[in-house]
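Please read the structure below before turning to the comments.
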Amino acid sequence: MAAEIHDGLLPYLYATAAKVSALRRSADVRGSSLEKSLGEVAEWIDQSRDVARRLMNGASYPPEAVDNPLRAAKRFLDDVLSDTDTPHPPKILWPPEVLAPALPENDDSPFRLPKETAVSVYRLTIEFVRNAVRHADAKLVEVSVKDLDDDLLISVEDDGTGYDPDDLSPEKVHGLSLAHHRAAAGGIELKTDSCRQPGSNRSSGTCVTMRVKH
């Protein structure tokens with residue numbers, strides 16, 4: 001996917017941007033209403049290129065995602081969310097394991113996971129934190145880790161509005177389905193508890209838990 005975006009989509013966007021720029025500079029267009037319209041088109045192309053770059057970055061993953069998926073997720077989100085248009089983004093809390101310096105490969109870090117599992121944790125953490133920031137109207141998002149004897153529990157919890165599974169748009173239903181497929185492919189047991197789900201005891205917000213064998 002990243003290669004298709006880089007080699008297939010982006011060249012067309014760059015070529016289109018160059019063509020629009022040339023048209024705006026032409027004598028027949030300057031000072032006309034068409035120049036203003038082409039300016040809007042140029043802005044849309046720039047926005048599309050930004051989206052394409054984010055998709056390309058999201059489709060790939062940094063090497064650190066294998067060694068410490070949460071630290072890699074934090075670095076990605078720090079970069080992406082700095083450009084968010086959310087008026088009042090929530091505070092995001094990360095566990096000490098994420099903020100601590102990198103450890104040697106032979107340590108007993110709970111993040112020594114199979115590659116596919118670690119990459120899935122990386123991608124899912126990014127998705128759940130971004131969902132909380134963009135859609136939940138939350139003031140606080142907390143990522144936590146609990147290392148049990150055989151399992152690693154990674155949770156993303158927010159204090160936002162929650163969601164009702166029967167009142168989701170097709171886009172959000174599709175996104176949730178993809179998350180479950182991604183979790184299953186990485187050997188992750190995924191559980192979601194939201195305040196608006198039938199039978200939930202939560203007073204507010206949503207908590208997503210990833211259970212990983214290690």
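Donor-acceptor pairing under 3.5 Å is recorded for the side chains of Asp193 and Ser200.
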Next on the checklist: Checking Asp167 against Arg196 for the side-chain contact (heavy atoms from CB on, under 4.5 Å) test, could you report, in this order, the C-alpha distance in whole Å, the side-chain angles of both residues, the deciding distance, and whether it holds?
Outcome noted: CA-CA 10 Å; Asp167 192 30; Arg196 294 173 59 195; 3.8 Å; yes
Item to check | Full working for side-chain contact (heavy atoms from CB on, under 4.5 Å) between Leu77 and Ile92 | outcome: CA-CA 10 Å; Leu77 288 164; Ile92 303 175; 5.7 Å; no
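Remark: of the listed residues Leu38, Val41, Leu34, Leu38 is the sole one forming a side-chain contact (heavy atoms from CB on, under 4.5 Å) with Arg24.
Here the shortest heavy-atom pairing between Pro69 and Ala118 reads CB-O, 3.3 Å. For Cys195 against Thr161, the heavy-atom pair with the smallest separation is SG-O, 3.4 Å. Heavy atoms only, all atoms of each residue included: Pro90 and Leu140 are closest at CB-N, 3.7 Å.
Each salt bridge (charged side-chain N to carboxylate O under 4.0 Å, His left out) pair with one or both residues in residues 35-47, not counting sequence neighbours, appears once here: Asp46-Arg49. Under the salt bridge (charged side-chain N to carboxylate O under 4.0 Å, His left out) criterion, the residue pairs touching residues 199-210 are Glu157-Arg202, with sequence neighbours excluded.
Open room surrounds OH on Tyr12; 12 or fewer heavy atoms of other groups in view lie less than 6.0 Å from it.
Between Asp78 and Lys74, at least one side-chain nitrogen of the basic residue sits less than 4.0 Å from a carboxylate oxygen of the acidic one, meeting the salt-bridge criterion.
Here the straight-line distance linking atom CG of Asp164 with atom OG of Ser194 works out to 8.5 Å at 0.5 Å rounding.
Hydrophobic cluster membership of Leu178, counting Ile, Leu, Val, Met, Phe, Trp and Tyr whose side-chain heavy atoms lie under 4.5 Å apart directly or via other members: none, as it forms a cluster of its own.
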